[in-house]
Q: 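The structure follows.
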Amino acid sequence: MEKRKIKSVNPLRVGLAGLRLKNPVIAASGTFGYGQEYAQYMDLNRLGGIAVKGLSLKPRSGNPPPRIMETTGGMLNAVGLQNIGVEAFINEKLPFLRQYDVAVIANIYGESVGEYSKVAAKLSAASGVHALEVNVSCPNVRKGGLSFGADPKAAAEVTRRVKGETDLPVIVKLTPNVTDIVQIAQAVEKAGADAVSLINTLTGLAVDIKTRTPRLKNITGGLSGPAIKPVALRMVWQVAKSVGIPVIGMGGILTVEDALEFLIVGACAVQIGTANFINPHAMIDIIDGLEAYLEDNKLKHIDDLVGTFKT
Amino acid sequence: MEKRKIKSVNPLRVGLAGLRLKNPVIAASGTFGYGQEYAQYMDLNRLGGIAVKGLSLKPRSGNPPPRIMETTGGMLNAVGLQNIGVEAFINEKLPFLRQYDVAVIANIYGESVGEYSKVAAKLSAASGVHALEVNVSCPNVRKGGLSFGADPKAAAEVTRRVKGETDLPVIVKLTPNVTDIVQIAQAVEKAGADAVSLINTLTGLAVDIKTRTPRLKNITGGLSGPAIKPVALRMVWQVAKSVGIPVIGMGGILTVEDALEFLIVGACAVQIGTANFINPHAMIDIIDGLEAYLEDNKLKHIDDLVGTFKT
Amino acid sequence: MHKNIFIGEICANDEVQKDHFLMKMYLPRTFGAVLPGQFVMVRIAGLTDPFLSRPLSIYSFSLEQNACVLELLYRVVGKGTQILAGLIEGSQLEVLGPLGTGYAMPDTEKNIVFIAGGIGVAPLSLLAEHLCVNSPSCGPNMIFYLGAQSSRQILGLDKLQSLCYAVHVCTDDGSFGKQGLVTDLIRKDIKKYPPGDTIIYACGPKAMLKTLNTILGGKYRCDVSLEERMACGVGACMGCAVAVKEGSGGAAYARVCCDGPVFGLNQIIWD
Amino acid sequence: MHKNIFIGEICANDEVQKDHFLMKMYLPRTFGAVLPGQFVMVRIAGLTDPFLSRPLSIYSFSLEQNACVLELLYRVVGKGTQILAGLIEGSQLEVLGPLGTGYAMPDTEKNIVFIAGGIGVAPLSLLAEHLCVNSPSCGPNMIFYLGAQSSRQILGLDKLQSLCYAVHVCTDDGSFGKQGLVTDLIRKDIKKYPPGDTIIYACGPKAMLKTLNTILGGKYRCDVSLEERMACGVGACMGCAVAVKEGSGGAAYARVCCDGPVFGLNQIIWD
Ligand SMILES: Cc1cc2nc3c(=O)[nH]c(=O)nc-3n(C[C@H](O)[C@H](O)[C@H](O)COP(=O)(O)OP(=O)(O)OC[C@H]3O[C@@H](n4cnc5c(N)ncnc54)[C@H](O)[C@@H]3O)c2cc1C
Ligand SMILES: Cc1cc2nc3c(=O)[nH]c(=O)nc-3n(C[C@H](O)[C@H](O)[C@H](O)COP(=O)(O)OP(=O)(O)OC[C@H]3O[C@@H](n4cnc5c(N)ncnc54)[C@H](O)[C@@H]3O)c2cc1C
Ligand SMILES: Cc1cc2nc3c(=O)[nH]c(=O)nc-3n(C[C@H](O)[C@H](O)[C@H](O)COP(=O)(O)O)c2cc1C
Ligand SMILES: Cc1cc2nc3c(=O)[nH]c(=O)nc-3n(C[C@H](O)[C@H](O)[C@H](O)COP(=O)(O)O)c2cc1C
Ligand code: FES
Ligand code: FES
């Protein structure tokens with residue numbers, strides 16, 4: 001009896017911050033639309049979770065084009081958080097997502113602390129959202145200065161206010177464009193964050209040497225993809241050993257080997273972003289690969305791998 | 001007469017911070033040894049300058065291997081500033097470099113402000129050094145905390161002390177691992193820096209999933225190469241428009257097109273680092289390419305290009 | 001069943017004009033049917049440089065017993081197309097598609113006018129073929145305006161001549177056909193085609209479409225294919241934005257990859 | 001004249017054993033002469049993935065009228081070697097070299113003992129050939145110990161048998177020659193070779209060299225080739241460090257690429 005019970009446990013199941021995932025593979029915000037866009041390419045039920053495109057209180061039209069540019073081993077984007085707004089999301093997109101047995105993580109964004117809390121409140125009242133991911137880090141849309149995520153006080157303030165509006169698990173998504181990401185992570189932990197996710201994009205620039213103008217209309221954009229993986233991995237490792245809350249790692253993950261690196265340094269789950277663009281099947285391949293890795297390494301459960309980095 | 005005079009001006013000649021370069025292409029510190037290593041691959045006289053491997057007061061043995069690891073579009077290094085020490089450099093390496101008509105930039109490093117000034121003083125007394133480049137940014141060797149370059153006060157303090165010891169132009173080399181690089185650049189400008197150079201490497205990590213150990217013995221290392229180019233270019237642009245002193249740009253330059261991007265956003269000169277490893281001829285190709293670009297674009301002088309970015 | 005990335009096997013890849021290649025490949029039957037105007041995203045498996053897939057219009061499409069046969073007509077402009085051009089017979093590509101919307105079909109219009117600039121001929125050629133096959137009555141009504149920089153950039157002319165009632169060619173340098181821009185030709189000829197009785201299909205550089213918009217003055221039914229840099233090709237990244245008029249009269253950014261690439265010319269906001 | 005990157009044209013690239021390839025290429029005459037033990041850095045021009053050049057020992061070298069002919073013997077272990085293995089006749093490689101130091105030549109030693117583990121045979125094979133050609137008296141003194149995982153990993157045996165007085169083969173699984181590690185064989189045979197009258201050359205995995213160091217106990221003249229990850233290959237990056245004893249008795253990091261890859265076994269500090 002006992003033996004059987006153990007065998008039937010899903011070795012990839014992850015519980016983090018009150019959020020139950022059938023596996024630790026989550027689509028990263030902004031790279032998977034509202035889920036629907038990729039539904040014809042895979043069975044969304046296979047995924048651990050979906051972090052939807054960042055939602056704001058009102059619909060946002062985003063930045064003028066060109067918005068993206070390829071770089072060596074990655075890409076720059078300056079989409080400017082174009083989204084349909086939280087109400088349209090709840091009315092038009094959530095019903096679709098509710099059909100699936102997948103954790104829906106609503107990525108949210110505000111231009112002010114007040115806006116963050118309003119968006120959080122609306123989503124908490126809706127059915128079918130399993131967690132909030134608070135983007136304090138977007139480098140594309142600035143309101144006269146650094147982002148919330150670059151300042152421990154501002155990041156903590158946003159966290160506190162969002163926590164006050166919701167019973168959902170609150171994941172704070174950190175920006176890598178800081179001197180000391182551990183300091184920010186600890187500040188939001190203290191402010192009540194249930195988990196942190198990192199990294200968002202690194203701010204970058206590309207120039208057209210013929211016209212001597214920026215390649216992106218917004219001038220700067222966010223760098224993502226395998227080019228940033230070493231930086232992401234370093235930060236995830238630093239944060240994972242410095243906070244008590246779960247860490248979700250991302251940045252440049254293309255393959256199961258990449259995902260394993262993040263899990264080993266202490267991420268309980270991973271998000272897959274840019275990889276979806278070049279291989280819509282990437283997440284499925286990674287999930288299958290994780291299962292195979294556990295078997296090959298005779299590990300009973302993914303938890304036996306997380307944080308086993310030997311330094 | 002007048003016409004002739006103009007024609008004889010070298011269109012690539014750059015004067016920056018009292019340093020005369022026959023062209024704006026400089027070998028980046030740590031990627032070109034002490035010059036000698038590449039002497040058999042090119043005529044060093046063709047180069048604008050050579051920034052030699054970072055020098056400390058005493059010889060340093062550096063970090064244990066493995067020290068390098070390839071990443072997507074770049075590499076991690078944790079050499080740990082292995083060098084022969086400032087005295088051996090003066091006695092054994094400078095005589096070789098003095099044979100060439102190339103600006104020798106001594107890159108210096110210290111574990112304390114005092115060590116920086118001692119190294120600076122020794123080099124200023126030697127003949128054949130044309131400028132000092134103060135590495136306040138190396139992420140590999142830490143003394144219990146962040147680097148000098150991550151704190152505007154510490155960076156300014158180092159700058160002031162080095163300036164006090166030397167009549168040579170002082171270039172302060174900035175780290176990209178900060179929230180606001182402009183703030184650091186402005187602090188060292190105020191402290192008397194004659195120029196700034198940027199960027200040094202981004203701190204990164206890579207994991208061996210078989211052994212679950214770091215790929216580098218030092219655990220973290222510095223990321224360089226084309227992967228970081230967008231970040232470097234963004235920072236060079238930000239700094240160039242915010243300081244009055246010349247800016248030397250670097251980070252991921254492989255080709256003349258890359259170099260042009262840096263010049264367009266405001267760098268007066270560029271350094272070529274990791275590119276030397278994969279193509280020892282890269283700097284010569286870039287110099288030739290710059291000349292061709294000026295001709296094709298009917299520009300009389302490289303100065304007519306620097307900072308012509310249209311945003 | 002879910003769509004997927006298909007593996008295309010290249011069976012020909014020839015330089016048909018200077019810097020212009022015609023690639024023919026076999027795909028599994030499950031690739032499905034194609035609407036004229038649709039495109040595919042292609043990349044070389046495992047290669048991270050270039051990093052993103054490249055969008056290319058479907059130039060021709062046919063079904064064989066065990067395979068779909070796809071043709072892509074492309075111009076070498078940068079690293080990605082350079083690498084494509086170097087692929088030999090037997091090489092494989094990852095192909096995502098068919099993607100995007102197709103052209104609206106003609107109603108009862110008497111004049112079916114195509115306007116192609118440069119490589120813009122690719123999707124229009126498939127459309128012309130499609131109309132001839134599926135609505136044979138269209139053929140006699142089809143007039144094709146083909147613009148190119150010079151005679152060395154004229155693509156697919158033979159095929160077009162066999163499909164259309166007339167093909168008017170012009171080149172910037174006059175080395176073939178009339179001298180001038182294709183929009184110059186249209187400006188002169190447009191009065192031959194009364195708005196109510198004409199449908200126009202256009203594809204080409206932005207400048208050409210912009211001029212065309214001015215010439216047509218909003219009076220024509222006109223579908224155009226747009227190009228924008230793309231990352232995902234499926235509507236998820238919001239990278240391929242184009243400003244369009246909204247129902248309410250406002251402006252919004254549509255996605256070229258899934259809201260297009262075919263748009264009504266009158267929908268588009270030109271800056 | 002300055003050295004440069006040479007373009008090597010591949011004229012053969014065959015799988016000689018499972019996952020082991022022998023690549024033959026033509027280089028310009030200016031590539032120059034090669035010392036046994038030296039290596040080259042190779043990369044595919046224009047490709048930034050993989051990013052760094054890959055070091056490979058020179059397995060054979062000869063001069064033809066208009067070219068140098070170079071052979072590389074390599075094992076596919078990762079992305080870089082995988083891509084090399086896929087190159088066809090006529091492909092080109094960028095080749096930097098010849099790099100590094102060569103093996104010290106024998107003095108008057110009676111026994112010239114080679115110990116190769118796996119792909120470590122590559123530089124030793126060139127050395128054996130070199131000694132036979134340039135000091136024909138060496139041949140009868142040359143004894144080669146060749147270790148491999150199994151019969152399917154034994155490389156270059158025919159050539160070695162034609163050069164050496166004796167070749168002793170052993171495999172981990174006993175599928176060819178004796179069963180066991182090559183160092184087991186050496187441990188048994190070493191008493192046949194008195195230290196004063198013997199020179200030993202070894203190349204193979206670190207574990208093998210470490211064991212060898214214990215067996216020889218510092219009493220032999222022994223040259224070994226080391227491997228370390230490399231970026232520049234010319235001594236500029238300090239990436240390829242190996243801990244060695246300094247003259248003064250201390251320790252220091254030497255560069256495998258230019259202070260080596262050949263080191264006296266007694267110089268090396270094993271951790
Ligand atoms: C829906 C769609 C259909 C297309 N169909 C065809 C076709 O049938 N035949 C064809 O030759 N080309 C077509 N293109 C354009 C083609 O995608 C680009 O030429 C190609 O991606 C360039 O890749 P590269 O690496 O060679 O050039 P890069 O080095 O990436 O760029 C070279 C130049 O092309 C521009 N460019 C890059 N990507 C695009 C893009 N997606 N759209 C417009 N300009 C771009 C760049 O800004 C740059 O100026 C189509 C584009 C779209 C969006
Ligand atoms: C001086 C020298 C001579 C060499 N001669 C030969 C030779 O003649 N034939 C041959 O097959 N191999 C030789 N090697 C090893 C060869 O360079 C590596 O196998 C190759 O670089 C691996 O590249 P990859 O991209 O296939 O593997 P990667 O994906 O880069 O790595 C696969 C595995 O190989 C290890 N590795 C990578 N690079 C090196 C390296 N430089 N040295 C040791 N291990 C490495 C990695 O740590 C990893 O475990 C030599 C190495 C050196 C330093
Ligand atoms: C096109 C694009 C749009 C993105 N939009 C968002 C967003 O709306 N909210 C957010 O928190 N992160 C956004 N991101 C960041 C990703 O979620 C992720 O943090 C980042 O891309 C690094 O992961 P990757 O390298 O796997 O893509 C976006 C990234 C890309 C490439
Ligand atoms: C192997 C290696 C060693 C380096 N050593 C130094 C150093 O000693 N001092 C220093 O200021 N920068 C050092 N750097 C940083 C480079 O000078 C340069 O700032 C960085 O590599 C970014 O440029 P790149 O992408 O062109 O290499 C080193 C870089 C590499 C790759
Ligand atoms: S290319 Fe991603 S939305 Fe169109
Ligand atoms: S590989 Fe650069 S010093 Fe040896």
Side-chain angles (χ1 to χ4, degrees), chain A residues 69 71-76 139 146 150-151 175-180 184 202-215 219-223 225-238 252 254 256-265 293 297 305 308-311, chain B residues 69 71-76 139 146 150-151 175-180 184 202-215 219-223 225-238 252 254 256-265 293 297 305 308-311:
Chain A
M69 181 64 207
T71 70
T72 304
M75 63 177 279
L76 287 167
L146 298 174
D151 173 17
T175 171
N177 300 293
V178 296
T179 308
D180 184 5
I184 316 282
L202 285 162
T203 309
L205 172 69
V207 175
D208 184 328
I209 60 167
K210 283 198 199 97
T211 58
R212 300 186 207 157
T213 57
R215 293 273 192 180
I219 308 181
T220 59
L223 184 63
I228 69 170
K229 195 187 76 169
V231 175
L233 203 58
R234 183 260 298 179
M235 289 184 167
V236 169
W237 171 63
Q238 287 179 320
L254 287 189
V256 66
E257 287 80 15
D258 298 331
L260 286 163
E261 288 190 73
F262 281 83
L263 296 168
I264 288 168
V265 302
Y293 180 90
N297 289 270
L305 178 72
T308 56
F309 192 38
K310 291 169 242 167
T311 55
Chain B
M69 182 64 208
T71 69
T72 304
M75 62 178 278
L76 288 167
L146 298 173
D151 173 18
T175 171
N177 299 293
V178 296
T179 308
D180 183 6
I184 316 280
L202 284 163
T203 308
L205 171 68
V207 176
D208 185 328
I209 59 167
K210 283 200 199 98
T211 58
R212 301 187 206 156
T213 57
R215 293 272 193 182
I219 308 180
T220 60
L223 183 63
I228 68 169
K229 196 187 74 168
V231 176
L233 203 58
R234 183 259 300 180
M235 290 185 166
V236 168
W237 171 63
Q238 287 179 318
L254 288 189
V256 66
E257 288 80 15
D258 298 330
L260 286 164
E261 288 190 74
F262 281 84
L263 296 168
I264 288 168
V265 301
Y293 180 90
N297 289 272
L305 178 72
T308 56
F309 192 38
K310 291 170 245 166
T311 55

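Protein chains get the first letters and strands the later ones, always in sequence-line order, with residue 1 at the start of each.
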Q: Heavy-atom pairs under 4.5 Å with chain A are the metric here; pick the option from Ala150(B), Gly74(B), Ala206(B) that has the most.
A: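 So the answer, after comparing Ala150(B), Gly74(B), Ala206(B), is Ala206(B).
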
Q: Under 4.5 Å, counting heavy-atom pairs only, tell me which of Leu76(A), Asp151(A), Ile228(A), Leu233(A) racks up the most with chain B.
A: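 Looking at each of Leu76(A), Asp151(A), Ile228(A), Leu233(A) in turn, Leu233(A) comes out on top.
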
Q: Could you check which of Val231(B), Asn297(B), Ile209(B), Asp208(B) has the highest count of heavy-atom pairs closer than 4.5 Å to chain A?
A: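 Heavy-atom pair counts peak at Ile209(B).
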
Q: Identify which part of Tyr293(B) has an atom lying under 4.5 Å from any heavy atom of chain A, answering side chain, backbone, both or neither.
A: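 Contact with chain A: side chain only.
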
Q: Decide yes or no for Ile219(A) and Trp237(B): does some side-chain heavy atom of the first lie under 4.5 Å from some side-chain heavy atom of the second?
A: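 Contact flag for Ile219(A)/Trp237(B) side chains = yes.
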
Q: Any chance NZ of Lys310(A) has more than 12 other-residue heavy atoms, nucleotides or ligands included, within less than 6.0 Å?
A: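 Counting neighbours around NZ of Lys310(A), more than 12 heavy atoms of other residues, nucleotides or ligands fall under 6.0 Å, so yes.
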
Q: Mind ranking Leu263(B), Val236(B), Leu260(B), Ile264(B) by heavy-atom pairs under 4.5 Å with chain A and telling me who comes out on top?
A: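 Looking at each of Leu263(B), Val236(B), Leu260(B), Ile264(B) in turn, Ile264(B) comes out on top.
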
Q: Can you tell me which portion of Thr71(B) sits under 4.5 Å from chain A's heavy atoms? Options are side chain, backbone, both or neither.
A: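 Thr71(B) touches chain A through side-chain heavy atoms alone.
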
Q: Of all of Gly204(B), Pro176(B), Ala232(B), Ala227(B), which one pairs up most often with chain A through heavy atoms under 4.5 Å apart?
A: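 The candidate making the most pairs under 4.5 Å is Gly204(B).
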
Q: Below 4.5 Å, heavy-atom pairs only: which of Asp180(A), Leu305(A), Thr308(A) has the largest tally toward chain B?
A: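 Among the listed options, the one with the most contacts to chain B is Thr308(A).
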
Q: Could you tell me the separation between the CE atom of Met235(A) and the OG1 atom of Thr203(B), rounded to the nearest 0.5 Å?
A: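 It is 8.0 Å, given to the nearest 0.5 Å.
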
Q: Just jot down the side chain to side chain contact (heavy atoms under 4.5 Å, CB included) partners of Pro226(B), sequence neighbours excluded, or say none.
A: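 Residues passing side chain to side chain contact (heavy atoms under 4.5 Å, CB included) with Pro226(B): Thr72(A), Leu254(B), Phe51(D).
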
Q: With a 4.5 angstrom heavy-atom cut-off, could you sort out which part of Val265(B) is near chain A: side chain, backbone, both or neither?
A: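 Side chain only.
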
Q: Go through the steps to decide whether Asn177(B) and Arg234(A) satisfy the test side-chain contact (heavy atoms from CB on, under 4.5 Å), and finish with yes or no.
A: CA-CA 12 Å; Asn177(B) 299 293; Arg234(A) 183 260 298 179; 3.6 Å; yes

Q: Tell me, for Leu223(B) versus chain A, whether the close heavy atoms (under 4.5 Å) come from the side chain, the backbone, both or neither.
A: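 Contact with chain A is through the side chain of Leu223(B) alone.
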
Q: Kindly write out the residues that satisfy side-chain hydrogen bond (donor to acceptor under 3.5 Å, both in side chains) with Thr213(A), not counting sequence neighbours, or none if the list is empty.
A: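 Thr213(A) satisfies side-chain hydrogen bond (donor to acceptor under 3.5 Å, both in side chains) with Thr211(A) only.
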
Q: How many angstroms lie between OG1 in Thr179(B) and CD1 in Ile184(A), if you round to the nearest 0.5 Å?
A: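 Thr179(B) OG1 to Ile184(A) CD1: 6.5 Å, rounded to 0.5 Å.
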
